[in-house]
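In what follows, a structure is listed as structure tokens, so that the remarks can point back to it.
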Amino acid sequence: MKQLEDKVQHRINTLCKELTQISETHQDHVIGQVTVRHLLGGMRGLKAMVCNTSFVDPHQGLFISGYSVPEFEDRTPKEIFFLLCTGSFPTSSELAELKEELQKRAEVPPYVWNMLRSLPKETHPMTMFSLAILCMEGESVFKKKYLEGIPKSDFWRYTLEDALNLIAKLPSLAAGIYRILFMSGNLIEPDPELDLAGNFTRMLGINNKDKSFADLIRLYLVLHCDHEGGNVSAFTARVVNSALSNIYYATSAGLNGLAGPLHRLANQVCLHFITQIHEQLGLEASKDKIRQYLYNTLDSGNVIPGYGHAVLRETDPRFTSFMGFGEKHCSDSPYFKTVKKLFEVTPPILKEYKGGKIANPWPNVDAISGSLLYHYGMIHFDFYTVMFGLSRTLGFCAQNIIARGLNQPIIRPKSITNQGLKGLTKGL
Ligand code: CMX
């Protein structure tokens, strides 16, 4: 993987030079204030770390290494991983090298399957996914090399080595979990000719005849790959890896955060919301009836799932990307039709509801992703987070490869007691 390594090294050198310059001249420059609201409000909005793999602009949404969603939505997960790590899309030769590297590392060790098959049938697929990654921790090359005493400047190389070994196995692993939990349990072999998304779709063993399903999976894996460094899962992975716990520990920990209902359950909740609309109002519910349904939902104290965002202030471009896919491939789907109607009627209602205090009345990515998957026969809601995790692992890995390259220190913010806080606010 000479070409990938060279490009990563180049990016690390560039970022390092920039940060050294900033640090040398502006080490004590004040870039913000820490308020009590930050302390008590989950540090929301507090600028406290550097992340160059991606950035979320409140109005334009996600940028991967500077590229906007329309600029990268047609790419493959492998190209996106390369972009996350290096800052540029791969050439055909770089892509071929990456493909070859991943192919030769793809086999999941038998002990992982034995462990997964020994779990109770009711185990959540995210638990299985996280456990499987954690139990491969002994494979970590970083861990072995660290014990041998490699220099700090090589930490990123073995983090990259581990990342490739891990990412290569994820499609088989995730699809295998699906087969064990929801199908007969027999695994489907990968096809070396297919790309990551195509292979994952093949190994799931559902809807293989419809080529657009593989394209939806590709888009899903591309659009969910990274969302800055401060979200629960990415931040957790960063914190764990900052202690030099290897990428298997870090990824498993990040996925455990991703599994939480406040982080990733939203696309299931959105799908459930649409199912309820269909059950109560029929598949072809009119916009007026949907409007009334939305008011009833809001008046009973509930939120409209899929709308609003902590950072975004416009329609999430990832939503727009999925809408484009839906228009092209499943415009007759009742789920897609209802998503479209909701997109028409929801923002005007949210804009004026609660005296206009809802900061963002526009849809986020979850307003549509689950509906598209469901349309293609991916009806096991619990599995959606595994697919999300598969994609997000690309971001976890890239963020930590770069963090190790920059020799970022262990993350260790300071906590204070109520007494300390009273003192600082002169409330003693
Ligand atoms: N429906 C109804 N009310 C909403 C709303 C929605 N979709 N979005 C925000 N509000 C309400 C909030 O509940 C809050 O009300 P209170 O002050 O009475 O508590 C008020 O508007 C202000 O909130 P906000 O500043 O606009 O939004 P937050 O940053 O606090 O919350 C989010 C953001 C996503 C949790 C919220 O918009 C929400 O609950 N949306 C629905 C669930 C959803 O789609 N989640 C997916 C998030 C996607 C992601 O994180 O990637």
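Keep in mind that what you see is a predicted model, and the values were worked out from it rather than measured. Whatever order the structure lists ligands and atoms in, that order sets their numbers, starting from 1.
Checked against a 6.0 Å centroid threshold, the rings of H375 and F336 do not count as neighbours.
A donor-acceptor pair under 3.5 Å links the side-chain atoms of S242 to the main chain of I411, judged by distance alone. Between the T127 side chain and the T123 main chain, no donor and acceptor come within less than 3.5 Å of each other.
E94 meets the salt bridge (charged side-chain N to carboxylate O under 4.0 Å, His left out) test with K7; sequence neighbours excluded. By the ring-ring contact (aromatic ring centres under 6.0 Å, His included) test, F55 is found to be paired with no residue, residues two or more places apart in sequence or in another chain being considered. The ring-ring contact (aromatic ring centres under 6.0 Å, His included) check on F343 picks up F319, with sequence neighbours excluded.
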Please tabulate, one line per pair, the protein N or O atoms found under 3.5 Å from any N or O atom of ligand 1, giving the distance to one decimal.
from	atom 1	to	atom 2	distance (Å)
ligand 1	1 (N)	I304	N	2.9
ligand 1	7 (N)	I304	O	2.9
ligand 1	7 (N)	Y307	O	2.7
ligand 1	15 (O)	K354	NZ	3.2
ligand 1	17 (O)	K357	NZ	2.8
ligand 1	18 (O)	K354	NZ	3.0
ligand 1	18 (O)	K357	NZ	3.3
ligand 1	26 (O)	A359	N	2.8
ligand 1	29 (O)	R44	NH2	3.0
ligand 1	40 (N)	Y307	O	2.9
ligand 1	44 (O)	G306	N	2.7
ligand 1	44 (O)	N364	ND2	3.1
ligand 1	51 (O)	R264	NH2	3.2
ligand 1	51 (O)	H309	NE2	3.4

